[in-house]
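Written below as structure tokens is the structure these notes are about.
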Amino acid sequence: MYAHQKNKGLIKLIILIVLGVLVLSYFNFDIKSFIDQPTTQKNIEYIVEGAKYVWNEHLASPVLYFWNNIFIDLLWSSFVDNLERIKVGEPHDFELNAPVITR
């Protein structure tokens, strides 16, 4: 059911984009000529350069630290190790570290 709801949002987005293009076409708005205008190109270039600046100066360091030191080292390596153990029939970390109840 969750996947159905997720796809429903994607379908809504596609329909909204198509309707937006149809409305612009109805009012004789040419998207290609708008994008090709020098002012629009300068604005797009300004936004791209700003995004690059924000990434390089503020986001790259913490995101790459999280990716390399937390996700890859802690999570991904453990995930791959456990899958390898399951593949060869050995117990995985949950089985090895589960508390044992004795009577």
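One is the number of the first residue; the rest follow in order along the sequence.
By the 6.0 Å contact criterion, CZ on Phe79 is open, its count of non-hydrogen atoms from other residues, nucleotides or ligands being 12 or less.
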(request) In sequence, state the C-alpha distance, the side-chain angles, and the governing distance for Val21 and Ser25, and then conclude on side-chain contact (heavy atoms from CB on, under 4.5 Å). (result) CA-CA 6 Å; Val21 169; Ser25 299; 4.2 Å; yes
(request) May I have the step-by-step check of salt bridge (charged side-chain N to carboxylate O under 4.0 Å, His left out) for Lys52 and Glu49, ending in yes or no? (result) CA-CA 5 Å; Lys52 286 180 184 177; Glu49 290 302 317; 3.8 Å; yes
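Between Ile86 atom CD1 and Glu84 atom CD the span is 10.0 Å, to the nearest 0.5 Å. Here the CG atom belonging to Leu19 is positioned 13.0 Å from the NZ atom belonging to Lys12, to the nearest 0.5 angstrom. Distance check: Ile31 CD1 to Thr40 OG1 gives 12.0 Å after rounding to the nearest 0.5 Å.
Hydrophobic clustering (side-chain heavy atoms under 4.5 Å, transitive across Ile, Leu, Val, Met, Phe, Trp, Tyr) keeps Ile47 apart from Ile44. In the hydrophobic cluster analysis, where Ile, Leu, Val, Met, Phe, Trp and Tyr join through side-chain heavy atoms closer than 4.5 angstrom, Ile72 is grouped together with Val80. A single hydrophobic cluster is seen to contain both Trp76 and Leu83, as judged by linkage of ILVMFWY side chains at heavy-atom distances under 4.5 Å, directly or through other members. In the hydrophobic clustering of ILVMFWY residues, with side-chain heavy atoms under 4.5 Å counting as a link, Ile35 and Leu24 come out together.
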Name each donor-acceptor pair under 3.5 Å that joins a side chain in residues 87-98 to protein atoms two or more places apart or in another chain, with its distance.
from	atom 1	to	atom 2	distance (Å)
His92	ND1	Phe94	N	3.3
Asp93	OD1	Arg85	NH1	2.5
Asp93	OD2	Asn82	ND2	3.2
Glu95	OE1	His92	N	3.4
Asn97	ND2	Asp93	O	3.2

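Sorted by first and then second residue, the side chain to side chain donor-acceptor pair (under 3.5 Å) pairs with a member in residues 55-71 form an empty list; sequence neighbours excluded.
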